[in-house]
Every structure is written in structure tokens, then in C-alpha cells.
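Written out below as C-alpha cells is the structure these notes cover.
Here is the naming used below: chain letters follow the sequence lines, and residue numbers restart at 1 for every chain. What you are looking at is a predicted structure, and each value in this text was computed from that prediction instead of being measured.
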4 protein chains.
Amino acid sequence: MESIHQNTDAPASATFLNLPEEKQQRVYQAALDEFSAHGFGSASSNRIARALGIAKGSLFQYFGNKERLFHYVFDRVAGQFAEPLRSVRDATRDEPLGQRIREALLTVSAFLEAHPEVYRLYTRMLFQESFPLRETLLSRVRSLSTKYWRSLVEDAKARGELRPDVDMEAAVFFLDALMDRFFQARTLPYMDTGFGLHDDARLDACIDALVSCIERGLIAPC
Amino acid sequence: MESIHQNTDAPASATFLNLPEEKQQRVYQAALDEFSAHGFGSASSNRIARALGIAKGSLFQYFGNKERLFHYVFDRVAGQFAEPLRSVRDATRDEPLGQRIREALLTVSAFLEAHPEVYRLYTRMLFQESFPLRETLLSRVRSLSTKYWRSLVEDAKARGELRPDVDMEAAVFFLDALMDRFFQARTLPYMDTGFGLHDDARLDACIDALVSCIERGLIAPC
Amino acid sequence: MESIHQNTDAPASATFLNLPEEKQQRVYQAALDEFSAHGFGSASSNRIARALGIAKGSLFQYFGNKERLFHYVFDRVAGQFAEPLRSVRDATRDEPLGQRIREALLTVSAFLEAHPEVYRLYTRMLFQESFPLRETLLSRVRSLSTKYWRSLVEDAKARGELRPDVDMEAAVFFLDALMDRFFQARTLPYMDTGFGLHDDARLDACIDALVSCIERGLIAPC
Amino acid sequence: MESIHQNTDAPASATFLNLPEEKQQRVYQAALDEFSAHGFGSASSNRIARALGIAKGSLFQYFGNKERLFHYVFDRVAGQFAEPLRSVRDATRDEPLGQRIREALLTVSAFLEAHPEVYRLYTRMLFQESFPLRETLLSRVRSLSTKYWRSLVEDAKARGELRPDVDMEAAVFFLDALMDRFFQARTLPYMDTGFGLHDDARLDACIDALVSCIERGLIAPC
DNA sequence: TATGAATGAGCCTTCATTCAT
DNA sequence: CATGAATGAAGGCTCATTCAT
């Protein structure tokens, strides 16, 4: 039920929500670009307005202040993350763990390529000491990913694919860590340690090698 | 011979280098604190000078500008990272891979606990889009870590510990990714997916579980 | 006949005057609250509109600009002042001067208590250097009070109550000054010099003591 | 004992205090002019800087923020008030009450004529609802005046000049009220009810008439 | 007629940097 | 060489006012 009173938690004002969808989209994109390029503290409302060709004051009419504008952008970003994860999970429900990981990597890779600023904003925020609502916003995104890997691991366990002595929480952490870094390496060349992930031609081979490490580890069985 | 032109490669001026070691150290620490707390763009030279109780002008006499001050700080930080890695590598030369990983995790954990700002600065910079000399500075640090894991993997391979079909570069990437995230989880609670790494009491158990994943992977051998 | 040019003498537009009485009253009250709380310069049309839940544009349609809105409010305020003064003057017509003063103090005290923003707006404007129509508006209010005391003094003179050598204008000034301060002290605690006027329990005693000073002065007759 | 640490209560920074006395004076005067003309909220730091022909930033280097600049100005103003009151009290110690009042009025009149902005600032602040440190600052000034009149009244009582039944606190309030309004009328024409106080030629006559009201009251002795 | 999006001037404040002393 | 006063650009934000719908 919609309340008559303004929801003060809602980052965007009614004024903004009444704008034509297309203008909302432009504002969102300009703000996302700015925040993903400069972080929260160094982002400039002035620059955003200039890039949009609108008056400074309008931005503040839409969002009240920089913090709420950021909040709005981050909310939409978090929403965009959820989509591809959900779809790939459902689409691969009946496949073995290794294959599910493979497909997740490919799906999310494609998403990141299409929305590089989205991922840049996320990683940036991860290590930005202080920005508004840090805890709330980050744990929301983190839990998306954690839940995803946990569901995969549990499915695998239920099907008896897992080594019986494997610690479930360790496995979730292990997958989350590898995937996170996989995406970082796809986005930032120097995170790639010479592996070659950023080279699209080698992507499949890299994924195979990595999944092999995940599946069977590094050490020779005696 | 001193050139009339500022040597852009040397962040610190002769003036600064002639200062008593102890004052250099204080300046370094104050700047590190500021940069690690606020990043590059939002760090304030004013605040650094105020914290040190010296004139703002002095900072600029020492380093010319904020960028070179940052450069100087990051250089020293990178140096500090190298130390514990080198020492733990040498100290564990003859042990099996799993054990070497275990000890690396413990050693670096201890280092991070002692120098939280050092690690904070590093992670911050990792994802800060634009700061001076980004490429140069980051690849220097990254390669420290990469080299470390590569040497471990190569030693293990030479000793026949590794699964014979394992891709060496994949293994390096794999270890680098896990370790990086391990340290992040130790520092930032919400990076720890529920695994429990930030809880000192469970640290040993967690490390064992994680190393087990690294050694033998997730999938049951048929 | 409506002129094309805005009639600068009439603060409120026909549009406003055609509004239901009750809405006019709400607008007046909201504007009075804002002006009495923030003065003219720092009052915010935005805030008034927000408090009323009407569009900012409407306020400007009603009054053209902030200045005329203020003018309108002050006009009504001045009108409200006149009422209690008139009624207490008429009601005490036949009593001696001291008693008339006593009753005036009580009547106006009651009025101020009921309409604190009215008095706050007045005192505020008294010393606000620059606001539109300052001279016009203030002299209108001032003359209300002056006329009131003059009529009291003249009545007393006609009845032979006054010291024969008393300067009439001095007496008017004298009473106006005391009364003004009396009301200030009732409203603002630190205007009360320790006398105790803001303490309702002591009000009667204070008034008696003060009226005694007014009637017979401070100095012992020789 | 002077502390090494900056007294954070001190409105002016060391930077400002190190300025040549003459420049400090110019800054003080410009700020006083601005605050007395516009009050606290509507005063503009920009305007002050422009009037001084200095950079905006300098003002903030001197005082940190607008509030502390205001505080500084008000402090100096309060100090200036104290001076003439003290000197006239001491100079008239042995004279009868009426004469002491007469001389106080003349002395303070002269002071106000020389420093109109000082008095304007004071009256402005009296009725300005909200400005920083309102309570502290105003009660400091108020008590100057209250103390002055109380000492006069007590001296008169001790010498047997007073009507024996006069309430001491009422007398203090009575004098404070009359004097305050006297000065207002000297400064703001429309506070002068037609008495003529703003006309320098009539000043002496007005004072005599007013002091006569104070001494013997309005009512004929029976 | 009421609306409310748009505007740009102006506000307070912080900053990196310069330079005379 | 250290100092710290001076600077002006830029930042976030609020405001009165306009005008198309």
C-alpha cells in the first residue's frame, strides 16, 4: 500500500520519480559513471549536473543530497547484480557443480562486460572506508553472492558430489573468493597475475584450468 | 648534481631526506594514516600538516605536491609488504606446500594486525580508479604477491607434490585469489561470508579447512 | 478594474482572496510561524509551502513574491494587536490611571500568551534593519501603542489625577517604554533582570510594585 | 597560565591574532557592520570578504566559520559596552540618583552616537530567535546593564534617597526598561512616540522630563 | 488555477598551492 | 629552510523565482 507521506528512506523524491523514464535513466547513468569513477567522497555533484546539462539545483531537488543520490544509484546497482545470478542458478539446476561454476563465470563475465561501471562501483565501495550506509549497502550485495554459492554447494552436497569431509562454510568462502577475484581480474588487468583472464581468446581455457583447481585441488592424491 | 628541474622520479626532496630520521618517520606515518583513511582524492594536506603540528608550507617544500607525497608513502608501504613475505618464504623452504601456505597465512595475518593502515591503503588503492601512478605503484605490489605464490608453486612442482595435470598459472592465480580474500576477510567482517575468519579463536580451524580445499579441491574422487 | 500591472499596494492577489477563508487562514498561520521564527531574510518560502503541503508556485501566485507575502502577514498581525488594546481601553474607561495600567498589563499578557508568534514577529521586526516597507509597517504598529497610552494619560490629566507639572509627552514615552519591556520580559527570560515577571505566580505582585513606581516614582518626597 | 594547546573556545585563530593590529581592526569593523546590518543568519561572509578586499578563504582561516567570527565580534562589542558604563558610574559616585541617571543617559548617548553599529548589533540580537551562543552572549550583556542600575539603586537606598516602600527589584527593572528604550529611541526614530528624543536640540529637556517621571512618578500626591 | 520541474545565484566551507618573510 | 598568510577554485547545498502544463 502506498503511503501519502513521503517515505524519508526512499532516496529519490517524487519529483524525480515523476520524470520521464528516459530522463531518470540518464541521471542514473551519469551518477553511476561519476561514482564508479571517483568513489563517494571525491565524486562531484557539480560534475554530474554538468555532464547531464542540467542545473545543479535540480539534482538536489531530485535527491536532497549527495548521500541519497549515491544511495539511489547503489540500490539500482545491487538490483542489477541479482538478475544474472538468479537466472544462471535456475538455468543450471540439474548440472554438476563444476559445470554450474563454469556457466556462472561465463554469465557474470558477460554481464560485467556490458556493465563495467556497475562492477567498478561495487569493488570501489568494498574498500572505501567511509561512505554513507556502508554496512547496509555492502552486506546486501555480499549476501547475494554468498547465498548463490551456498545454494550451489548445498545442491552438490545433496547429490553426493562433494568430498564428504569438506567443510561447507569453507567451501562457500572458497568459491566466493575465487569468483570475486575472477571478476576483478576480468576488469582490472593487474589483478590477473599473468594468468591471462583478460584475454577473451583464452577465457575458456582459463576457466577450465581454474575449475579444475576448484574441483580437485592442487595436491596429487597419494 | 642537483638539477634545476624537479626530479619527478624522486618523490621526496633533499630537504626532506636531510631531516632527522625520526621526523621523516613521523611525517610518513601521519601521511599514511591520512591516505589510508581517506584515499588519495579526499585526503587533506591541511589535515596532515595539522596532525603533525608543522606548517602547511613545509609539506610542500618536502614533496612539492600532494601527488608526490602520496607516491612517497606508497613506495614505503610497498617496501613493508615485501619483508614478511620474504622471511616466511625463506623460513619454510623445505616444508610441503600445504604447510607453507598455512604459515604464510599466519605470518601475514600477524603483519596486518600490526599494520592495519598499510593493508588498508593497499586495498583502497586497488580499487581507486584514478590516482597518480596507479599502474606503476599497483603492479609493483601485485607482483610481490604473485612472485611469492609462483615460487611456492614451482618449488612444490619440483618436488613432485603437485597434481601433474595442474596448470601452473592457474595455480598461482588460484592461490593469490584465496590469500587476498583471506586477508580481506580478516580485515573487513562482511567479506567473511559466515566462515568465521575474523574470529581469532577459530582461526586455526578455518585455515585448516581452507588449506584442505586448496590441497584436494571440492569434488569427491571417483 | 483589474490593472495589468500588479497592484503593489495590495499584498494578496485576487486569487488568494477568493480562496476559502479556512485555507487563507492556514496560509497566514504557516507564513506567520515561519517569519516569526526566522525573520524576513532567513525565512524560506520553500519551507512555508512544504509545511502547507501546497506547491511552491501557488505561494507566488498568491503573493507574487516573498516580500508581499511578508507584507500581508505583518498587516494581519498589526490588526490583531489593535483588538485587545481597544477592548481594554473601553472596558476601563472610568477607572483611575493605575488601575487602567494594571488591567492593560494583564489583558495584553493574556493575548501574548495566546499568540506568542505575533509578538515574536513584532519584536523581531523592530530591530531587523532591512526588510521591505519597514517604516510603513512599524510606524503603524508603534502608533497603536502610542495612541493607547496617550489616551490614558489624557484621560487622567482631564480628571486631575496627574501631577500638574508632568510633561505629557514624557509620560507617554515613559509608559510606552515600561509596557514594552514588561512584555519583552514576559516573553524572553533574560530581559527580566531578576525581577521575576516570567514567574506567573509572582505576576500580580510584580505588577503592583511596578505600577507603584509608575505612580509615585522612586524618590522620597521631602 | 597559557596552555600550549589551542583554546578551541577562542573564536579567533592564532593566524588572525598575529595580523597587524590595524588589519584586525578592519576585519572586526567590516564584520560588525555586516552583522549589525543583517543579523547572524542573513549576514554574508562573502560580502564581508568583498568589503575588505580579501579572499573568502582568509576569513575562514582567521575564524574557522561564520559562527566563530560572530562570536568574536560580539565579544568585542560586549567589551565596548562595559567601558562607558563603568566610567560614568565611578565618576558620579557621590551625586544624587537623579543626577547619576542624567549623566548615564548623556554618556551612553554619546557612546551610541559614536558607535551606532554596536548598539544596532545588540538590539538585533536581543530579538533574533536563534543564533549561536545566544544565551551566553546575551546574558553577558544584559547583566552589565542590570548590575549598573542595581548598584545605582543600592547606593541611593543606602543614602536614604529612595522612597522607603519601593521594591528594589522593581526599581532595577524600571530603570533598565526606561534606559533601554531611551537608547532605542535615540537610535530608531519610530521608537520615539513623538517625545522628541532623536532631536539633539531637545535632548536636555527630554532627559529632564523623563528623570522627573522617574523620580516622582506620574500621580499627584494627595 | 494549481502545479512542480527547472534554474542559477549565492551561501558556507575546504582545499592545494604559492610566496614573502 | 621553515613559516604561515593569502588565494581562488571548487564542493555541497538552499533559495526565490519562473513558466509550461
Side-chain angles (χ1 to χ4, degrees), chain A residues 13-20 23 41-50 52-69, chain B residues 13-16 18-19 23 41-50 53-67 69, chain C residues 13-16 18-19 23 41-50 53-67 69, chain D residues 13-20 23 41-50 52-69:
Chain A
S13 70
T15 301
F16 179 73
L17 269 8
N18 286 340
L19 255 31
K23 178 160 188 183
S42 296
S44 157
S45 303
N46 284 10
R47 252 185 326 240
I48 297 174
R50 210 181 309 134
L52 283 166
I54 67 174
K56 255 195 299 196
S58 295
L59 230 38
F60 287 88
Q61 197 136 51
Y62 300 157
F63 299 98
N65 58 30
K66 185 177 160 182
E67 181 172 328
R68 283 226 292 282
L69 171 55
Chain B
S13 70
T15 304
F16 179 72
N18 287 337
L19 253 31
K23 178 161 187 183
S42 297
S44 158
S45 305
N46 286 14
R47 261 191 312 247
I48 297 173
R50 206 183 312 141
I54 69 173
K56 260 185 300 194
S58 297
L59 230 39
F60 284 84
Q61 201 120 52
Y62 299 156
F63 299 98
N65 58 29
K66 183 176 159 183
E67 181 171 327
L69 170 55
Chain C
S13 71
T15 304
F16 179 72
N18 287 336
L19 254 30
K23 179 160 187 184
S42 296
S44 158
S45 305
N46 287 13
R47 259 190 314 246
I48 296 173
R50 206 184 311 139
I54 67 172
K56 258 185 301 195
S58 298
L59 230 38
F60 284 85
Q61 201 120 53
Y62 300 156
F63 300 98
N65 58 28
K66 185 176 158 184
E67 182 172 324
L69 170 56
Chain D
S13 71
T15 301
F16 179 72
L17 270 5
N18 287 340
L19 255 30
K23 179 160 186 182
S42 296
S44 157
S45 302
N46 284 13
R47 249 182 332 233
I48 297 174
R50 208 181 311 135
L52 283 167
I54 68 174
K56 256 193 300 197
S58 296
L59 230 37
F60 287 87
Q61 198 134 50
Y62 301 157
F63 298 98
N65 57 31
K66 184 177 160 182
E67 181 171 329
R68 285 227 289 283
L69 171 55

Categorize [X] for me: base, sugar-phosphate, or nothing, with a 4.0 angstrom heavy-atom threshold over every strand shown.
X       : result
C:Leu19 : sugar-phosphate
C:Ala49 : nothing
C:Tyr62 : sugar-phosphate
A:Asn65 : sugar-phosphate

* **Of B:Ser42 and D:Arg47, the one whose closest DNA chain E nucleotide lies more 5'** => D:Arg47
* May I have the distance from C:Lys66 (atom NZ) to F:dC15 (atom P), rounded to whole angstrom? => 9 Å
* To do: Taking ring-ring contact (aromatic ring centres under 6.0 Å, His included) as the test, write out the residues that go with B:Tyr62, two or more places apart.
  => B:Phe16
* Mind checking the CZ-CZ spacing from A:Phe60 to A:Arg68? Nearest 0.5 Å is all I need. => 11.0 Å
* C:Leu59 CG to C:Ile54 CD1 distance, which is reported to the nearest 0.5 Å -> 5.0 Å
Side-chain polar contacts of residues 41-48 of chain B - donor-acceptor pairs under 3.5 angstrom, sequence neighbours left out - could you list them?
from: B:Ser42; atom 1: OG; to: A:Ser42; atom 2: OG; distance (Å): 3.2
from: B:Ser44; atom 1: OG; to: B:Asn46; atom 2: N; distance (Å): 3.2
from: B:Ser44; atom 1: OG; to: B:Arg47; atom 2: N; distance (Å): 3.0
from: B:Arg47; atom 1: NE; to: B:Glu34; atom 2: OE1; distance (Å): 3.3
from: B:Arg47; atom 1: NE; to: B:Glu34; atom 2: OE2; distance (Å): 2.9
from: B:Arg47; atom 1: NH2; to: B:Glu34; atom 2: OE2; distance (Å): 2.7
from: B:Arg47; atom 1: NH2; to: B:Ser42; atom 2: O; distance (Å): 3.1

* To do: Verify the contact: side-chain N or O of C:Ser45 to OP1 or OP2 of F:dC15, cut-off strictly under 4.0 Å; return yes or no.
  => no
* Hey, is the side chain of A:Asn46 poking within less than 4.0 Å of OP1 or OP2 on F:dG11, counting only N and O atoms? -> yes
* Asked: Stems in DNA chain F: runs of 3 or more consecutive Watson-Crick or G-U pairs, distances under 3.5 Å?
  -> E:2-21 with F:2-21
* First and last nucleotide of DNA chain E, 5' to 3', lying under 4.0 Å from heavy atoms of chain D -> E:dC11 to E:dT14
* Of the residues in residues 52-60 of chain A, which ones touch DNA chain E at a heavy-atom distance under 4.0 Å? -> A:Ile54, A:Ala55, A:Lys56, A:Gly57, A:Ser58
* If you pin A:Gln61 and D:Asn18 to their nearest nucleotides in DNA chain F, which one's is more 5'? -> D:Asn18
* **Partner set under side chain to side chain contact (heavy atoms under 4.5 Å, CB included) for A:Glu67, not counting sequence neighbours** => A:Phe40, A:Asn65, A:Pro132
* To do: List for me each residue that meets side chain to side chain contact (heavy atoms under 4.5 Å, CB included) alongside A:Leu17, sequence neighbours excluded, and say none if there are none.
  => A:Ala12, A:Gln24
* Partners of A:Ser58 by side chain to side chain donor-acceptor pair (under 3.5 Å), sequence neighbours excluded? -> none
